[in-house]
Amino acid sequence: MLLAIDVGNTNTVPALAKLDIDVRSFTMLELNRIDKAIRSLTSDVAIVEVKGGINRPPLELANTKELYEKLEKVAADLGLAPIGQASVGGASDGNLAAAAGAKVLDGLGAVGMGAHAPGESIKISTVEPRIKLTTAFINELLK
């Protein structure tokens, strides 16, 4: 969870304070619980106004299961180690597509570390096998 508080100056009582909250979760149920809790906040000394709301539903494992199982079969047929499944509370466009009912599998890009950071890198040795996997996976989906 990211909390950012902007009160203008330190060691003063501001006329206005703003709090931005970035919450990520693995399930919509949890996001809805948190949203409800935030909206119920009150204060005896200030006016509390909550704007915005949930704008990125999570990519739940149930939404990726069918495609993930096909991907693992293709990987096995190619003699590759199991790909493995991960659950993250990120905010990709895949989250929006899955929430709209599309079948989604995210994370087929380069294998590496440090995503979205200055030190982001990929493992060169994984590029060719990943291209072969993605090509074979697309061909399987087209059957």
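For the numbers below, each heavy atom of this structure counts, side chains included, while hydrogens, waters and symmetry mates do not. Positions are given from 1, in the same order as the sequence printed here.
Sorted by first and then second residue, the side-chain hydrogen bond (donor to acceptor under 3.5 Å, both in side chains) pairs with a member in residues 133-143 read Glu140-Lys143; sequence neighbours excluded. Within the structure, salt bridge (charged side-chain N to carboxylate O under 4.0 Å, His left out) contacts touching residues 118-130 (residues at least two apart or in different chains) are Glu128-Lys132.
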Under 3.5 Å, which donor-acceptor pairs link side chains of residues 109-117 to any protein atom two or more places apart or in another chain?
none

Sequence neighbours excluded and cut-off under 3.5 Å, please list the side-chain donor-acceptor pairs for residues 35-50, or say none.
| from | atom 1 | to | atom 2 | distance (Å) |
| --- | --- | --- | --- | --- |
| Asp35 | OD1 | Arg39 | NE | 3.3 |
| Asp35 | OD2 | Arg39 | NE | 3.0 |
| Arg39 | NH2 | Gly52 | O | 2.3 |
| Ser40 | OG | Ala37 | O | 2.8 |
| Ser43 | OG | Val45 | N | 3.0 |
| Ser43 | OG | Ala46 | N | 3.1 |

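Glu72 is linked by a salt bridge (charged side-chain N to carboxylate O under 4.0 Å, His left out) to nothing, counting only residues two or more places apart in sequence or in another chain. For Glu30, the side chain to side chain donor-acceptor pair (under 3.5 Å) partners two or more places apart in sequence, or in a different chain, are Arg33. For Asp106, the side chain to side chain donor-acceptor pair (under 3.5 Å) test picks out Ser92, with sequence neighbours left out. Residues meeting the salt bridge (charged side-chain N to carboxylate O under 4.0 Å, His left out) test with Lys103, sequence neighbours left out: Glu66. Take Ala102 and apply the side chain to side chain contact (heavy atoms under 4.5 Å, CB included) test, not counting sequence neighbours, and it matches Ala97, Val104. Partners of Asn32 under the side chain to side chain donor-acceptor pair (under 3.5 Å) rule, at least two apart in sequence or in another chain, do not exist in this structure.
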Should Glu69 and Lys65 be marked as a salt bridge (Lys or Arg N to Asp or Glu O under 4.0 Å) after you check the CA-CA gap, both sets of side-chain angles, and the distance that decides it?
CA-CA 6 Å; Glu69 289 172 352; Lys65 185 177 186 214; 3.6 Å; yes
Should Asp20 and Lys51 be marked as a salt bridge (Lys or Arg N to Asp or Glu O under 4.0 Å) after you check the CA-CA gap, both sets of side-chain angles, and the distance that decides it?
CA-CA 10 Å; Asp20 292 319; Lys51 295 181 180 180; over 6 Å; no
Run the side-chain contact (heavy atoms from CB on, under 4.5 Å) test on Ile124 and Thr126 for me, step by step, so that the C-alpha distance in whole Å, both residues' side-chain angles and the decisive distance to 0.1 Å come before the verdict.
CA-CA 5 Å; Ile124 297 298; Thr126 66; over 6 Å; no
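Hydrophobic clustering, defined by side-chain heavy atoms of Ile, Leu, Val, Met, Phe, Trp and Tyr closer than 4.5 Å, groups Tyr68 together with Leu67, Leu71, Val74, Leu78, Leu80, Ile83, Leu105, Leu108, Leu133, Phe137, Leu141. Under a 4.5 Å side-chain heavy-atom cut-off, the cluster of Ile, Leu, Val, Met, Phe, Trp and Tyr residues that includes Ile138 is completed by Leu142.
A donor-acceptor pair is defined here as one N or O able to donate and one able to accept, closer than 3.5 Å; such a pair exists between the side chain of Asn95 and the backbone of Pro57.
Using a 3.5 Å distance cut-off with no hydrogens or angles, the side chains of Thr27 and Glu60 do not pair a donor with an acceptor.
Between the CG atom of Leu61 and the CG atom of Asn63 there is a distance of 9.0 Å, given to the nearest 0.5 Å.
Minimum heavy-atom separation, Pro129 to Ser125: CD-O, 3.4 Å. What you find for Leu59 and Ala98 is that their closest heavy atoms are CD1-CB, 3.4 Å. Residue Gln85 comes nearest to Thr64 through the heavy atom pair NE2-OG1, 3.1 Å, listed as atom of the first residue, atom of the second, then distance.
Leu96 and Ile54 fall into different hydrophobic clusters, where Ile, Leu, Val, Met, Phe, Trp and Tyr are joined by side-chain heavy atoms under 4.5 Å apart, directly or via other members. No chain of hydrophobic side-chain contacts below 4.5 Å, direct or via other Ile, Leu, Val, Met, Phe, Trp or Tyr residues, connects Phe26 to Leu29.
Using a cut-off of 4.0 Å between Lys/Arg side-chain N and Asp/Glu carboxylate O, Arg56 and Asp22 are scored as not salt-bridged.
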